[in-house]
Amino acid sequence: MASKGGPMVLGTDGTDFAHRQRVAAQYQTSAQNKSRLKYCIFFHYLLFFAMLAKLSADILDRLDIFILDIEELQVPKPLLWEYIWCISLLLSFLGLAAVRKNRIKAMKRYMIGIGLFGFGPILYAAVYYFSEAWQYISTGDMEDLTLWQGYPYALLWYAFIILALQVHSFSLFFAKNLLVAWAARGTKKEQ
């Protein structure tokens, strides 16, 4: 054993340990992308709570609960795509479980689910609100537009759509990087 201030072994300058201190690239990639995917899932939760706030008026109406402050906001009735998008939050639990145990199949299911329940409804909304958003952007006329609290409803949705597209895109990117890193490991954890 070497002591801190003791003599050095002959034939070495003390830097021969450097090769043993490296972490394999796939483990670095895995750790980095796990952290980034967790941040994306966190932002997905934030978007979900914003959607839940929008849906709260409809949910309370369905439960026959009357709260005057919420009713006075006159939130427009939700469309089906809004509820379908909310299903994508459940997939985050699948993604987090896959990250925790390096499960390739679970991560693939997470990616497919985000494609279907994350991107699908968002792309539908982008097409659905495009004409109103384009009309406002091109003419600035708000006469025939749906307004909420004085703002064009379609533009409010486009703000949400852009954020959701970014979160889902980055989630899929980091999940794909994790799959590549886990496959490079050489072990089979297909559970």
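Note that the structure is predicted; figures quoted are calculated from it, not measured.
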Tell me whether Leu165 is reachable from Val127 by hopping between hydrophobic residues (I, L, V, M, F, W, Y) whose side-chain heavy atoms are closer than 4.5 Å. no

Tell me the side chain to side chain donor-acceptor pair (under 3.5 Å) pairs involving residues 155-164, sequence neighbours left out? Tyr129-Trp157, Tyr153-Trp157

Atom pair CG/CZ of Leu47 and Phe42 - distance to nearest 0.5 Å: 10.5 Å

What's the separation between atom CG in Leu96 and atom CG in Leu91, rounded to the nearest 0.5 Å? 11.0 Å

Within the 3.5 Å criterion, strictly below it, is a donor on Asn102 or Lys34 matched to an acceptor on the partner's side chain? yes

All side chain to side chain contact (heavy atoms under 4.5 Å, CB included) counterparts of Ile162, not counting sequence neighbours: Gln166

Interatomic distance, Phe174 atom CZ to Ser169 atom OG [nearest 0.5 angstrom]: 10.5 Å

Working to the nearest 0.5 angstrom, can you tell me the gap between Ile41 CD1 and Leu46 CG? 12.5 Å

Solution key, residues 77-86 side-chain donor-acceptor pairs under 3.5 Å, sequence neighbours excluded:
unit_1, atom_1, unit_2, atom_2, d
Lys77, NZ, Asp61, OD2, 3.3
Glu82, OE1, Lys54, NZ, 3.1
Glu82, OE2, Leu79, N, 3.1
Tyr83, OH, Asp58, OD2, 2.4
Trp85, NE1, His168, NE2, 3.1

Non-hydrogen atoms of Thr29 and Asn177 that approach each other most closely: CG2-O, 4.3 Å

Heavy atoms of other groups near Tyr45 OH, more than 12 under 6.0 Å: yes

Closest non-hydrogen atoms of Ala53 and Ser56, given as atom of the first, atom of the second and distance, are O-OG, 2.7 Å

What's the spacing between Ser171 OG and Phe43 CZ if we round to 0.5 Å? 10.5 Å

Could you give the distance from OH (Tyr110) to CG (Leu94), rounded to the nearest 0.5 Å? 9.0 Å

Under 3.5 Å, which donor-acceptor pairs link side chains of residues 116-125 to any protein atom two or more places apart or in another chain?
none

Between Leu155 and Glu132, is any pair of side-chain heavy atoms under 4.5 Å apart? no

Going by the rule side chain to side chain donor-acceptor pair (under 3.5 Å), which residues pair with Ser88 if we only count those two or more places apart in sequence or in a different chain? His44

For the residue pair Met51 and Phe160, establish whether any side-chain heavy-atom pair is separated by less than 4.5 Å. yes

Sorted by chain and number, sequence neighbours left out, side chain to side chain donor-acceptor pair (under 3.5 Å) with Tyr128 holds for none

